[in-house]
Each structure stands twice: as structure tokens, then as C-alpha cells.
Amino acid sequence: MLSGDIPPNQTIYLKNLNEKIKKEELKRSLYALFSQYGRILDVVALKTPRLRGQAWIAFSEVPAASNAVRQMQNFPFYDKPIRIQYAKTKSDCIAKADGSFVPRDKKKKQEEKAERKRRPDDAPPSAAANGTRAENGATPAPFRQGNTSAQEAAAPNNILFIENLPHETTSMMLELLFQQYPGFREVRIIEAKPGIAFVEFEDDVQSSMAMQALQGFKITPQNPMAITFAKKSSRNFTKTLSNESGKPIGCKEEMKECYVVMKRLKKDIENRDPNPNMTNPFDIFTDEIVYAILDHLHGDPFSKRSFSSVCKSFYFIESRHRRALKPLRSDLLPRTFRRYSSISHLDLSLCSLVDDNNLAAVSVAWKSTLRSINLSRSRAFSSIGLLTLVSNCSGLVEIDLSNGTELTDSAAKAIAEARNLEILRLSRCKSITDIGIGCIAITEKCLSHILQLQHLEDLILEGCHGIDDNGLSTLNHTCKSIKMINMSNCQSLSYIGLSSLTNGANSLEQLILANGPSVTSDLAKCLSQFSSLRSIKLDGCLVTCSGINSIANWSASLVELSFSKCSGLTDECLCFLAERHKELRKLDITCCRKITIASIEGITKSCTSLTSLRMESCSLVSKEAFVLIGQHCQMLEDLDVTDNEMDDEGLKAISRCSRLQSLKLGICLNMTDEGLIHVGRGCSKLKELDLYRCAGVTDRGIEAIGHGCPALEMINIAYNSKITDTSLISLSKCSSLKVLEIRGCPHISSVGLSSIAMECRQLSELDIKKCFNINDNAMHPLGKFSQNLQQINLSYCSVTDAGLLSVTRINRLRNMTILHLSGLTPNGLAAALLTCGGLTKVKLHSSFKPLLPQYIYKYMESRGCVFHWRNKAFQEEIDPKGWQLHLGRPS
DNA sequence: AGCACA
């Protein structure tokens, strides 16, 4: 019905397109969206009065066009459902390819001229009965390209040299084009030389296939590609370590060039000297040089992979250089012992099952190198394994045993054998299950063992309920080296116990006592004895004015103070405190509900070097306060004004803080795009922006951020019904983006997310829950390009089995929430789960539980994956309970 | 609603 009587055509005709979208963007998005159906030869869109809102997409095959007509019919694209039919006539690009092209009268001459210029050796196009380049692709014809003269025609090479590209060509565009051909490895563009590129294939047969298929392909009508084999050049050794401009190696782009050169070097050596023993260019480099290269890569997986393609021994050398290891499963550990000889940081937090044997093996393998170990998510070992570990690895400086619910005092005794320990983490478990929160049975009896450690600097005893005043008062010795103690949630503790514990701890710099003792003048007096104390965190403690006033009267100057949820804090106290501690850098007064603008006046007047101010939900503070902050605290790097009266005037002032890196504006209902535009102009260093439920923000504001904040790493725009794909397309310019939260944005579609997937290769966390318009079309580019994705929430999206399977191709994926996916079947789920080796946490609806074969759970669990079953019913609306009612104030 | 290749 929709395609009417029009016969199938390899070109499709699209209408009802959003006319507001600029032509170039429209074409790019169409290309991205439709290339899933096959090779696209051309996208045509015009903005003339008669032709706006329409486009033609020419595919290389009719079936591709047919699939696109069927599957993309009515797809919501920039807010409008696309209407698709076959085109009524043949596209020029196809006519040109099959020789039937007859130029239109007017421009006939120009056309012919252009045609002749492009392939002067060929017969005139109208007589080109000798077929197309695509169809007779089996024989590699000798091509003529661009400016390269005929006698220079290079010998076959697995690397292709592309010329005559439009200057705005991105490597992404070329990747989309060339990856269709088997053996594709990668595209390299040299920023300094626009218009050319190198495309690498596995061998020269494959590269010549691609060359034939794409020879003359027009990215724009003026730019038929000219493809030749890259020349094999030999450069000398010194050149291999500097780029062409002679600069020393110092950035990733240059590194890439470096390995290209190395690769050539290898080929040269092979050609010159067929002796197989002398073919590894790494033999020329000392290990130190390769180590230096590795240090430059900063663990970037893409560069590493690129380097590895130079030579197998890259990974061998890398393994000797590697210091940190985070294995996926404990059963893989024995393999790593052989390979990695000098591991100093071992993170076992992905291995849920670590037993005493594992610990013993670790302690033998890395006896002399191990300095830190993270066992915070591991179970199945006992104090015996710990003792083996610490007695073998005498260099251990840091141990993380957080969440160790089964650990007892005998474990602490074992730890005390780690004589060089500096950092010990023993935080209680928080989220192993949602119900039970265990805690470590550490008491003062074992604390004495730990405090005897001569080098201990950081001691984290959060939530160790076994510690109380009585026990502490019996300890009359103190660890002199200790710099930081965290005794948060130790509820039986008061200043009395503290004073005996810390008696003489002259090195103590930071004390964290969240949810602990009352802040009285006695406590303040006790703390004032620590001459080095610079930072105190008293979050959630009961504060008294006398306590705060005596902290204010200390002689030593504090740089960090944290009073979040200290509801007793008053303007008078805080102003006095600020006046006496003018050096304050970090202040947290989150949820201090008595605070008004008077406090902010005091703080901004006294503490002008403030770098961090957190004041979420200080609901009595009026909007003028934010103007003061912007005027006086220009050193600010971190500002949290979530759920405050911030407005555009305030943001305008705040935008003067040019060092700002983190800005949290969640639930600031009075601000609009105008304010964000100021932020985009002033805060170019911004890395983190939280706009959760900012109802006044639209695409215009987000575009300003995408444009002005290229360093952005995290953005939250959750629950914003005005945001569309336009925002995501502009955010895709932020290539460092790691965390994207767009939960509950119903107008964002696969188009927007696809452009993020393709441009933001660092993306590691993605929340698109309740983005009903996002479907499989976005999952395919995610699976293909977002190889750093570790966490995804897809609940309520229009994703089906096929989409989920694409996502689970990402082998870094750890954490997946997939509730209420309408198109997910048990079979699709099973396939997806089995595809993804690294999953450690999957949230699913309980209805799936009986539908999968039991062996799948057994298998997944044996690999360390935990299933979380949820029972919540499907919620039709995005915001079923009307959160604003809960908030208790109007929007 | 509208079928072109600047």
C-alpha cells in the first residue's frame, strides 16, 4: 500500500522528513541510519521549495532497498515518521555505474568535462559497455588516480592511499565505507593533511577488492575518490621515532603514525632480508623504547590494538611491562602468572570466587612485586589464605578487604603481619544483596594488632560496629604513621574513645566520622590535639553550636569540612567557622536545611579560595546567593547546587568560574537554556554536568554545552521531555564522553544515540531507560563502535533480541539492566547472555527466570555473573508517580 | 504533499 505501484528500485524515496534539519546533517544521519541495510552509493537531499522534506538513498543492491522500505517504514526520525517508497527512476549514480547515464541538457558539457577528467583513459561514459567497477571486480585493473602519474602506479599493497576527499571527511565516514569489504583493518587520516587518507586491509588482495569497489565513489558530488596502493617507503631508524614534522612523539596521533612507520619498516626488512630470524623490527628497539611507547598510550585500548597489529611481540613486551592487572575470573589467574611477571597492582574485584589456593598461588607468582591487592568483591578465602599472602608478599602496601562479611578477628591478625601496609580498607558491605548488610566483626582486640603496623597511613574502618569507647580506652599506643582514619558509621564511638585511640597521632591529616559521635565542644577539643589535622568529615552527625564554635576557634587552619545532613547547622555557626578558616578549599553543606543566604554571604566573603562547594537541597538559600558565589569564588572546580533556586542570572555569574569541572544542577527548575548558554561560553573545562529533571532545558541549551565544553566526560539529562536527537548529535562532538544518562527522554531516538555511539568511543556507562523511541537501530552502532561500554540500562526501550545481541558483542560489558524489553524473547536473551563473556551483573524481570534453561544460570554464575531478579510491573508512563508532588513544591 | 542528482 505504501509503496503503491512503484516497482522495486535500488534507490528509495523518503518523504515527511523534518524540514528544519540542515541538509548536511540530514544526509549524515540518513547515511548512518540506513547503512545497516547495505552499501549506500549516494544520498540526495535538496532544500528547494519543491524538494525539501524528501530524500533519495541509492543502495548497491535492490534487496537492501526492499529491507529498508519495509523495516524503516514510519521510523520516527527527528520527531517525524519517515514515509518510504521505492524511487520512481534510476539514480544518476547508478546510471553512471552501469553506463546508461545521459547527462541532462543544461549541464551536459560540464558533466562530460568532469567525467573525462576523472577517468581520461576510459571510453566515453555513454559507450562504457565494458561494465561497472563493482560487478567485474574480480580482476584488479590498473587504476589511474588523482594526481598520481601513471608511471608511478604503485605495486599492490594492503594499505590504500585515498585522495581527493572533501576536507570535512572524517575517519568515521571512511570507516563506514570501507568496512563493508572483507579484511578491513582501519582508516588513518592525517589532520595536518586534509583530503587524503590511508585505509588498511589485511592483505593486498582484499585491499584491491575494496579499491575496485570504491574507486571514484563520491562523498560529495565534487569529490570522486581516487584510490591507489600506498607507496612502500623506507625510512631510517631515527625517523621512525619522530613524526614527519620532526617533533618528538608525544600524542596518540603521532603514535599512530609511528606504528605505521614501524609496520613499513618491518615489511622492508622482510623484503631485504628473507632470513626469518631477522624480521622483527622490535629487535631493533630496546625494550625501554617500547616501554616508553606504552607509557604514552595510557592504556588506551584502541592504540594498543593498533600497535599489536604491527607485531605479535608487542603484547609480549607489553606483558613484561605491565604492572596492573584486573582479571575477569579467578580461573584465568594461572595463565596470567606465566605471562605477566611483574604485577604490582592486582585487582580481583571482578572475581567473586577467590579461594585460599588462589591467594597462595598469587603470593608465589608475584612474591616480590605485589604492592596492592583488591579483594573487596571476592569471597571464598579465609584468614589462612590472607596470612599466606601477606607473609609471602612482604612489599604489600595496600589491601582492600571491604565487604568481607565473613572476615573475623583472625583475618585482622593475619593482616597485621603485612608489615609494610600503608592503606587498609575494611568498609562494610553495602550492596552484596539488597536486604542484608553485613559488617566485619572487627573489635578493639584485633585493632591493636593493626595499629602496630609501622607504616600504616590510611585506615578505613567504616561500619565496624565492634569498636567502642570501652575497647579503645584500653589501647594506649598509637600508630605514629597514620594519616587518615575513616570510622564512619561506628555508632558506639564517642570523643572519649577517640581521644585514647588517637593520642599522639601527630601525622593525622584527615578524620572521617560520618554518622558518628555528636559534635560537641568536648569532641572539638579532643580533635584539636591533632596538630596536622586539615580535613574533617562529620556528615550526618548531630552538631551543636558550641561544638562548631570551638572548631572555629582552633589555631590550625582547615582546608576541608564536610557537614552534609547536619541539620542543626545554623547561619551564625557557619559564618563564624568560615571567618576563622579562611583557607578552606572544600565545603560540603548538603541538606543543611537551616542555612540561608546569610551563610553564603559569609562563606563567599571569607573563603575566596574555595574549590569545592556542595550544597544540594539547601532549600532556604535564595537565588541571589548564586550570584555571590560566581562573583567571589572564581577558583571553584566543583559546585553542587542540586535542588536549589538557581536561575539564569545565577548561572551567568557562575559561568565566570572558568576552572569549573563539575556542575550539578539537577532539579533546578528555574533555570533555562539562557543560563546553560552562559555555562557553555564560560566553562570550557567542564567535565561533569548534571541536568537531571531540569525542565527548563531544551536542545538549544545542550547544543551550547556540546559546543563549548569539549572536555565533557559525564552528562545527565534524565527525565527531560524536551530533549531530542539534536542534543545528542551536538554532544557527539564531546569525544571524551564516558557517562551518558538520558533516562526518560521520550523524544530521543536511535538517530541521536547512533551518533553518540559512533563519535564518543570512550563511552563506558549508558542509561537509556524509558527512551521508548530507541530501538535496535542504535544497538548496532553501539555494538560496533562503543567497545568501552561497561554498563548499560536498556529497560523499556524498543530493543529486540537482535539489538541486545549487538550490544552483548561488547566484551567489556559488565553490567546490564534489561527490564521490560518488549521485543526480548527467552531465546534471544539466552543467546545474548552466552555471547558476552564479561558480564558480572544482570538485572532481569523475574518472568524470565523459568523460561531459560537452568544450565545457562549455572554457566553464567560459574563465570562470576550475578542475576538480580526484579518483579516490578510494567509502567506505562515515564513518570508514573509524579515526582514533583513528592518534592513538595511547584515546578 | 512533494520523485532528483547545482
Side-chain angles (χ1 to χ4, degrees), chain A residues 1-31 33-35 37-62 64-66 68-70 72-119 124-126 128 132-134 164-168 173 177 214-225:
Chain A
M1 155 218 161
L2 273 155
S3 28
D5 298 322
I6 308 156
N9 187 320
Q10 68 193 92
T11 301
I12 56 173
Y13 166 66
L14 317 183
K15 59 182 181 177
N16 198 35
L17 301 172
N18 188 330
E19 298 182 15
K20 288 189 208 124
I21 310 306
K22 288 193 216 88
K23 195 169 75 180
E24 284 318 306
E25 187 188 281
L26 181 74
K27 287 209 218 172
R28 245 182 291 123
S29 300
L30 285 173
Y31 195 105
L33 191 59
F34 281 87
S35 48
Y37 294 104
R39 180 152 79 89
I40 293 177
L41 303 177
D42 202 5
V43 178
V44 174
L46 292 137
K47 286 289 225 170
T48 59
R50 264 183 66 222
L51 292 171
R52 61 178 59 139
Q54 302 152 75
W56 289 261
I57 301 176
F59 286 99
S60 64
E61 318 275 3
V62 180
S66 306
V69 171
R70 258 183 284 118
M72 294 301 283
Q73 198 60 261
N74 299 320
F75 177 81
F77 185 65
Y78 293 111
D79 295 326
K80 299 183 74 180
I82 318 183
R83 303 278 135 79
I84 315 178
Q85 297 167 356
Y86 293 113
K88 285 184 180 155
T89 55
K90 188 188 272 187
S91 289
D92 282 0
C93 67
I94 291 157
K96 279 176 193 161
D98 67 24
S100 62
F101 179 64
V102 184
R104 266 160 284 277
D105 295 324
K106 245 186 176 176
K107 277 140 198 170
K108 199 171 177 177
K109 272 187 183 166
Q110 284 175 23
E111 277 292 331
E112 267 176 9
K113 213 171 163 189
E115 196 65 20
R116 212 176 307 122
K117 204 175 172 188
R118 201 166 69 242
R119 15 187 208 161
S126 53
T132 71
R133 11 180 195 96
N164 198 30
L165 295 167
H167 285 197
E168 52 278 10
M173 292 157 72
L177 279 174
L214 289 171
Q215 191 64 266
F217 180 89
K218 286 176 175 175
I219 286 186
T220 72
Q222 301 78 32
N223 297 79
M225 278 187 198

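Order of the sequence lines sets the chain letters (A, B, ...), proteins ahead of strands, with each chain counted from 1.
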Point to revise | Interface residues of residues 16-29 of chain A with DNA chain B (non-hydrogen, below 4.0 angstrom) | key: A:Asn16, A:Glu19, A:Lys23
Point to revise | N/O donor-acceptor pair, side chain A:Ser91 with base B:dA4, under 3.5 angstrom | key: yes
Exercise for review: Keeping the roles fixed (side chain from A:Asn74, backbone from A:Pro81), state whether a donor-acceptor pair exists under 3.5 Å.
Suggested key: no
Check your understanding: Whole Å only: how far is the CZ atom of A:Arg83 from the C1' atom of B:dC3?
Key -> 17 Å
Check your understanding: Got a sec, which pairs hit side chain to side chain donor-acceptor pair (under 3.5 Å) with one end in residues 42-59 of chain A, sequence neighbours left out?
Key -> A:Tyr13-A:Gln54
Study note, to complete from the structure: When A:Asp42 and A:Lys80 are each assigned the nearest nucleotide of DNA chain B, the 5'-most assignment goes to A:Lys80
**Study point:** Gap between atoms CZ and P, on A:Arg52 and B:dC3 respectively (whole Å)
**Key:** 15 Å
Review point. Listed by chain and number, what are the side chain to side chain contact (heavy atoms under 4.5 Å, CB included) partners of A:Ser35, not counting sequence neighbours?
Key: A:Tyr31, A:Ile40, A:Leu176
Practice item. Nearest whole angstrom, please: distance from the P of B:dC5 to the CD1 of A:Ile57. Key: 17 Å
Check your understanding: Just how far, in rounded Å, is P of B:dG2 from CD1 of A:Ile84?
Key -> 17 Å
Check your understanding: Roughly, in whole Å, what's the span from NZ in A:Lys90 to P in B:dC5?
Key -> 17 Å
**Study point:** side chain to side chain contact (heavy atoms under 4.5 Å, CB included) against A:Pro166, all qualifying residues, sequence neighbours excluded
**Key:** A:Glu168, A:Thr169, A:Ile219, A:Thr220, A:Asn223
Study note, to complete from the structure: side chain to side chain contact (heavy atoms under 4.5 Å, CB included) filter on A:Asn18, not counting sequence neighbours, yields A:Lys20, A:Ile21, A:Tyr78, A:Lys80
**Study point:** Those residues that, when tested against A:Lys90, pass salt bridge (charged side-chain N to carboxylate O under 4.0 Å, His left out) (two or more places apart)
**Key:** A:Asp98
**Study point:** Distance, rounded to the nearest Å, where A:Lys88 contributes NZ and B:dC5 contributes C1'
**Key:** 16 Å
Review point. Whole Å only: how far is the NZ atom of A:Lys47 from the P atom of B:dC5?
Key: 16 Å
Review point. Please give, in whole Å, the distance from B:dA1 C1' to A:Arg50 CZ?
Key: 12 Å
